[in-house]
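Notes to accompany the following structure.
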Amino acid sequence: MQAEYRQRRQQLMAKIGNGTAIFRSAPMAVMHNDVEYAYRQDSDFFYLTGFNESEAVAVLVPHHAEHQFVLFVQPKDREKEVWTGYRCGVDVAKEIYGADEAYTIGELDEKLPQYLEKADRIYYHLGRDRNFNDQILGHYQSLLRTYPKRGTGPIAIEDTGPILGSMRLIKSEAELELMRQAAAIATEAHNHAIEFTKPGRYEYEIQAEIEHIFRLRGGMGPAYPSIVASGVNACVLHYIENVRQMQDGELLLIDAGCAYGYYNSDITRTFPVGGKFTPEQKILYEIVLSAQKQAIAQVKPGNTFKSVHDTAVRVLTEGLVELGILKGEIDKLIEEEKYKPYYMHRTSHWLGLDVHDVGVYQHGEDKPQILQPGQILTVEPGLYIVPDTKLAEDQPETDPRWVGIGIRIEDDVLVTSNGHEVLTSSVPKEVDKLER
Ligand code: GLY
Ligand code: MN
Ligand code: MN
């Protein structure tokens with residue numbers, strides 16, 4: 001993998017010419033008092049270095065004769081390492097991680113200027129930590145002040161987001177392997193959850209079974225807080241309390257994905273707790289399933305990212321009109337977004353190192369994002385007949401028979417050279433496969 005990290009750094013350096021790029025590791029996050037969450041490296045930082053310690057800064061200097069890749073890391077400290085674990089230190093930063101030069105993080109202010117003073121711009125993504133932003137801005141400011149003396153130095157800061165976004169959008173073979181494994185583990189977990197679910201069980205029991213498999217198979221854990229939402233809870237898009245006892249006659253919506261080797265999967269299935277759909281549940285389910293299948297069919301090189309969502313919206317809107325839940329002419333209902341009380345989220349997002357991965361969805365209003373081989377997106381339409389929804393004046397009251405039903409079906413789809421591959425296709429979604 002080190003060769004691939006190096007190749008990514010070179011690809012980035014080729015794009016920034018005479019600039020200097022600065023990346024900061026993710027900070028430790030506090031869970032409560034002096035207890036911290038398990039550490040998870042910043043995705044851009046990891047993508048470029050494979051380095052997973054906090055308190056680190058990576059600097060890429062393509063125009064430097066010797067030090068093109070510089071790492072600032074925590075110093076070796078035997079006493080601290082006994083408590084919080086191994087630190088690689090400056091020597092290993094060079095030997096294993098391939099830094100041309102490495103310093104301790106405490107040396108950042110002293111050593112950084114030499115890597116900036118000949119750059120024409122600084123590439124840096126403003127992070128959540130305002131203090132660190134200020135630290136970088138401080139260097140920028142003092143170099144601006146001394147610019148006339150040198151006649152060189154950065155005169156702009158450019159965000160690294162768009163460059164990293166377009167690089168990370170296309171997955172390499174090595175990344176694909178990790179994505180497939182993340183998908184395979186989540187697939188196993190969902191299949192088990194469908195088997196395990198029955199009336200009387202609690203939502204958290206299902207969550208426990210799913211997350212057990214994530215770790216058992218070597219995953220890092222859930223890619224995001226698992227959603228196990230029975231009955232009307234399914235109408236809350238990010239319901240994560242998972243505390244309710246499930247009843248016969250209800251649906252269970254499970255939205256759970258696994259993180260494996262830093263890469264994520266993201267699967268949703270909705271199925272009957274007691275093994276049989278009610279007629280209303282089945283009718284709505286078939287509409288969502290049809291929307292999802294038709295949206296997935298749009299995934300091929302040359303089509304737009306937007307066409308996937310547009311297709312789902314059209315099928316869902318047609319279904320709602322057929323059931324009398326919406327009233328009016330399809331095109332107008334779509335244009336006026338009258339489907340939104342029942343379908344309020346987007347159909348897709350990029351998937352990778354982040355669950356909602358980086359990469360733009362359009363290049364300006366009239367320049368759509370075109371699907372290309374190597375991209376991975378979710379396709380996740382749903383219908384949520386939320387109780388007490390405020391409807392538009394020209395729309396009918398929703399017949400109570402539909403109210404309280406929430407359905408989402410989500411798969412992870414790779415764009416291939418001649419179409420697509422559904423990475424999560426081994427979790428059933430046909431009605432007859434979900435009924436028992
Ligand atoms: N579970 C988050 C999502 O589906 O986007
Ligand atoms: Mn998703
Ligand atoms: Mn999801």
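Values in this document were obtained by computation on a predicted structure and should not be read as measured data. Note that these values count all heavy atoms, side chains included, but never hydrogens, waters or copies made by symmetry. As the structure lists them, so they are numbered: ligands from 1, and atoms in each ligand from 1. Numbers here are sequence positions counted from 1.
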Test: R8 cationic atom under 6.0 Å from Y47 six-membered ring centre, within 45° of axis:
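Yes, R8 sits over the ring of Y47.
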Hydrogens and angles aside, do T347 and E380 bring a side-chain donor and acceptor to less than 3.5 Å of each other?
no
Can you tell me if E211 and Q207 form a side-chain donor-acceptor pair at under 3.5 Å?
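Note: E211 and Q207 side chains meet the donor-acceptor criterion.
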Any donor-acceptor N/O pair, E53 side chain to V73 backbone, under 3.5 Å
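No, the answer is negative, given that no donor and acceptor are paired below the 3.5 Å cut-off.
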Can you list the ligand 1 atoms lying under 4.0 Å from a non-hydrogen atom of E410?
4 (O)
Among E421, E175, E173, find the one that has a salt bridge (charged side-chain N to carboxylate O under 4.0 Å, His left out) with R180.
E421
So which of K198, K276, R244 actually passes salt bridge (charged side-chain N to carboxylate O under 4.0 Å, His left out) with E250?
R244
Taking backbone and side chain together, does D255 place any N/O/S atom at a distance below 2.8 Å from the Mn ion (ligand 2)?
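Of the N, O and S atoms in D255, none lies under 2.8 Å from the Mn ion (ligand 2), which means no.
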Quick check: does H349 have an N/O/S atom under 2.8 Å of the Mn ion (ligand 2)?
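Given the 2.8 Å cut-off, H349 counts as a ligand of the Mn ion (ligand 2).
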Closest to the Mn ion (ligand 2), which N/O/S atom of [X] is it?
X: E380; answer: OE2
X: E410; answer: OE2
X: D266; answer: OD2

Are any of the heavy atoms in D266 under 4.0 Å away from ligand 1?
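Distance cut 4.0 Å: D266 passes for ligand 1.
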Can you tell me if H356 contacts ligand 1 (heavy atom of the residue under 4.0 Å from the ligand)?
yes
Any N/O of R408 closer than 3.5 Å to an N/O of ligand 1?
no
Hey, is D394 close enough to K332 for a salt bridge, meaning N to O under 4.0 Å?
no
